[in-house]
2 protein chains.
Amino acid sequence: MPRPSAPSTPPRASATGRGARTRAAILEAATRVFAVHGYRGGSLAAIAGEAELTQPGVLHHFPSKEHVLMAVLQERDRENVKQLRSGPWHDGGVTALRTLLGLVEDNAIARERVQMFTALVGEGVSAAHPAHDFFVERYAHLRYQLIRALQRGQDAGEFRSDVDMAMIASLVLAAMDGLQIQWLLDDEETMPPRFAVLLDMLVTYLAAEPPAPG
Amino acid sequence: MPRPSAPSTPPRASATGRGARTRAAILEAATRVFAVHGYRGGSLAAIAGEAELTQPGVLHHFPSKEHVLMAVLQERDRENVKQLRSGPWHDGGVTALRTLLGLVEDNAIARERVQMFTALVGEGVSAAHPAHDFFVERYAHLRYQLIRALQRGQDAGEFRSDVDMAMIASLVLAAMDGLQIQWLLDDEETMPPRFAVLLDMLVTYLAAEPPAPG
DNA sequence: GTCTATAGTTCGATAGAC
DNA sequence: GTCTATCGAACTATAGAC
């Protein structure tokens, strides 16, 4: 039974016909608009224009502007997660860090997505923003995953065990975010070489003297 | 002649009377409002309310909302610069890095100002934002100052000379920004210890083998 | 220097035709 | 599923009284 009557989740009516296509077009348009004007400054009319619809047309596929926001965030975040899973992330240690560099390299050719996330997380630091909880959970999740990968490096004896990996994970994520800001503000800035320097420093630091027993 | 007729710059009429005071009140109110709602989402009416004025009252002191934005950014940025100049920043090298840690510690008790900057830089990555140029120049200036401080460490033989200090400077600024984001999103995160770990790593890395001559 | 009143936009969301 | 039309609210900025 490859495709029953499909009690699916998409918008309405047609299972996966043209409906899903315009939904995707709206989310692409919203990515562009939010990247330039943020959530608060990005109007549904602008999104509709980019998707070649009218503003009520957009609200046929999403109940409200806030639903468009959350859908864009979840969709675009899934792409990053997929990217990580494609590398040998679960080996942990240095291998995992190298996978992270790959993610930075992919971001370096996806300016629109990066700018959207940077613009929205800037708004999202305020508890009054509808995406605040999303970002709180996103960073908690990313830190958790990164801590585990680093601890796998400790368990394998690859990294010294007297370092709090929670701090290292937080620093690595911070560097990624901060380098994105500088990259977006100045095209000449390049992210991957700078992030690679951090990884070099980090590997050197973590490979240092295993805590002399006794 | 301690205080002439004072051909000052403040708004209008009274030299430094109550006029300058309400101007300062407006900028304080704008800091709070922009921190919570950003520039686009923060209305002049909200700023006026916090400053205990009406909305046209605000526009008597500033020609437009955009002027309020630029005034807030310049005023609050000056505070940071003053903070740096109070430390032995110009000695360069490790001393300068320790001064940076002091700045992070001061930021850790100035959540409102930090949140305002994070929210506004998020909006400012877009070229369409009125503060875009301000942030481009701000980061260029900060990087320049930091590069010079690090190079002074190289000249003094404190740091190895085979490392591109432009990359290090960019990374240090990135870590500061990124740690601020995580701190704002999760009160449990603390910035200074994490930033101190980066500085430890950095000092270890930069103190390593001076490029073996020959 | 601060106010009331208002002009002129723009926005999100809804109603209803097709 | 997409449209036109419109409502009600919010915003920046200006005019003008006091």
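Residue numbers start from 1 in every chain, and the chains themselves are labelled A, B, ... in the order their sequence lines are given, proteins ahead of strands. Model, not experiment: these values are computed from the prediction.
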Name the atoms and distances for all side-chain donor-acceptor pairs under 3.5 Å in residues 24-31 of chain A, with sequence neighbours left out.
| unit_1 | atom_1 | unit_2 | atom_2 | d |
| --- | --- | --- | --- | --- |
| A/Thr31 | OG1 | A/Leu27 | O | 2.8 |
| A/Thr31 | OG1 | A/Arg76 | NE | 3.0 |
| A/Thr31 | OG1 | A/Arg76 | NH2 | 3.1 |

Specify the separation, in whole Å, of atom CD of A/Glu52 and atom C1' of D/dG1.
16 Å
Trace of the side chain to side chain contact (heavy atoms under 4.5 Å, CB included) decision for B/Leu198 with B/Leu171:
CA-CA 10 Å; B/Leu198 176 73; B/Leu171 266 176; over 6 Å; no
On a heavy-atom basis, which atom in A/Asp77 and which in A/Phe117 lie closest, and how many Å separate them?
N-CZ, 3.9 Å
Taking only residues two or more places apart in sequence, or in another chain, which ones meet A/Ser86 in a side chain to side chain contact (heavy atoms under 4.5 Å, CB included)?
none
Salt-bridge test for A/Arg113 and A/Asp106: reply yes if a basic N is under 4.0 Å from a carboxylate O, no otherwise.
no
If you measure from the Lys or Arg side-chain nitrogens to the Asp or Glu carboxylate oxygens, is any gap between A/Arg111 and A/Asp187 under 4.0 Å?
yes
CG on A/Leu179 to CG on B/Asp177, rounded to 0.5 Å
9.5 Å
So, A/Gln182 and B/Arg143: side-chain donor and acceptor under 3.5 Å apart, yes or no?
yes
Would you check if the side chain of B/Gln115 reaches a backbone N or O of B/Ala35 as a donor-acceptor pair within less than 3.5 Å?
yes
Euclidean distance, atom CZ of residue A/Phe62 to atom P of D/dT2 [Å, nearest integer]
12 Å
Show, in sequence, the C-alpha distance, side-chain angles and deciding distance for A/Leu206 and A/Val94, and conclude whether the side chain to side chain contact (heavy atoms under 4.5 Å, CB included) test is met.
CA-CA 10 Å; A/Leu206 291 178; A/Val94 177; over 6 Å; no
Separation of D/dA10 atom C1' from B/Ile47 atom CD1, nearest Å, is 15 Å
Counting side-chain heavy atoms from C-beta on, which of C/dG12, D/dC3, C/dT2 comes nearest to A/Thr54?
D/dC3
Could you tell me the separation between the NE2 atom of B/His60 and the C1' atom of D/dA13, rounded to a whole number of Å?
15 Å
What pairs of nitrogen or oxygen atoms, one from the protein and one from nucleotides 13-17 of chain C, lie under 3.5 Å apart?
| unit_1 | atom_1 | unit_2 | atom_2 | d |
| --- | --- | --- | --- | --- |
| C/dA13 | OP2 | A/Lys65 | N | 3.0 |
| C/dA13 | N7 | A/Gln55 | OE1 | 3.4 |
| C/dA13 | N7 | A/Gln55 | NE2 | 2.8 |
| C/dA13 | N6 | A/Gln55 | OE1 | 3.1 |

note: A/Leu53, atom CG; D/dG1, atom C1'; distance rounded to Å ~ 9 Å
What contact category does A/Gly42 fall into here, base, sugar-phosphate, or nothing, at under 4.0 angstrom with non-hydrogen atoms?
sugar-phosphate
Below 4.0 angstrom, which residues in residues 26-40 of chain A have at least one non-hydrogen atom near DNA chain D?
none
Stretch residues 115-134 of chain A: residues that reach within less than 4.0 Å of DNA chain C through a heavy atom:
none
Give every residue pair that meets the ring pair (Phe, Tyr, Trp, His ring centres under 6.0 Å) criterion with at least one member in residues 132-154 of chain B, sequence neighbours excluded.
none
How many Å lie between NE2 on B/His67 and P on D/dT12, as a whole number?
15 Å
